[in-house]
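In what follows, a structure is listed as C-alpha cells, so that the remarks can point back to it.
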Amino acid sequence: MNKNIAIIGGGNLGASIAEGLIKSGDIKTANLIVTRRKLARIDHLKTQGVVTTLDNRVAASSAKMVIVAVKPQQVDEVLH
C-alpha cells in the first residue's frame, strides 16, 4: 500500500491499529502518521519508523486515509 495513513489518537486503540498495520507488512512504517498529546507514550512506534506528531491537522492533511481513534466524548473536539 503506497498511501499515507494518519491515526488521530495514539492511545491504546490507535497504537494497536498502527502495530497491526506494521505487522501485516502492507504498509511501510514511514507511511504511518500517529498523533498523541503525549508523544513519549508512542516512542515505541517512532523507533520503528512511524512518523509521530502532536498536530492532528498536519497528520490529516498529509494522509490519504484518516483513522480517528479517540474516545467518543473526544470526537467533536478532535474533528473541530
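Being a predicted model, the structure only gives us computed values, none of them experimental.
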For [X] and [Y], work out which heavy atoms get closest and say how close.
| X | Y | value |
| --- | --- | --- |
| Gly10 | Arg36 | O-NH1, 3.0 Å |
| Val34 | Ala18 | CG2-CB, 4.1 Å |
| Ala59 | Thr53 | CB-CG2, 4.2 Å |
| Glu19 | Leu45 | CG-CD2, 3.9 Å |

Practice item. Using salt bridge (Lys or Arg N to Asp or Glu O under 4.0 Å) as the criterion, list what pairs up with Arg57, not counting sequence neighbours. Key: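 Listed in chain order: nothing, the list is empty.
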Shared hydrophobic cluster for [X] and [Y] (ILVMFWY, side-chain gaps under 4.5 Å):
| X | Y | result |
| --- | --- | --- |
| Val68 | Leu54 | no |
| Leu21 | Val50 | yes |
| Val66 | Val58 | no |
| Ile17 | Ile42 | yes |

Give a yes or no on whether the backbone of [Y] and the side-chain of [X] come within a donor-acceptor separation of less than 3.5 Å.
| X | Y | answer |
| --- | --- | --- |
| Thr35 | Gly9 | yes |
| Thr29 | Gln48 | yes |
| Asn4 | Ser62 | yes |

Find the distance between [atom1] ([X]) and [atom2] ([Y]) and round it off to the nearest 0.5 Å.
| X | Y | atom1 | atom2 | answer |
| --- | --- | --- | --- | --- |
| Arg41 | Leu39 | CZ | CG | 11.5 Å |
| Ile67 | Ile33 | CD1 | CD1 | 11.5 Å |
| Ile7 | Met65 | CD1 | CE | 10.0 Å |
| Ser61 | Asn56 | OG | CG | 10.5 Å |
| Ile22 | Lys28 | CD1 | NZ | 14.0 Å |

Point to revise | More than 12 heavy atoms of other groups within 6.0 Å of Asp43 CG | key: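 Correct, the count exceeds 12.
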Practice item. May I ask you to test the Val51-Leu32 pair for a side-chain heavy-atom distance under 4.5 Å? Key: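 In short, these two side chains do not touch, never coming nearer than 4.5 Å.
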Check your understanding: Any side-chain heavy atom of Ile27 sitting closer than 4.5 Å to one from Ile5?
Key ->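 Result yes, sub-4.5 Å side-chain heavy-atom pair found.
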Could you give the side-chain donor-acceptor pairs of residues 70-80 under 3.5 Å, partners two or more places apart or in another chain?
| from | atom 1 | to | atom 2 | distance (Å) |
| --- | --- | --- | --- | --- |
| Gln74 | OE1 | Lys71 | N | 3.1 |

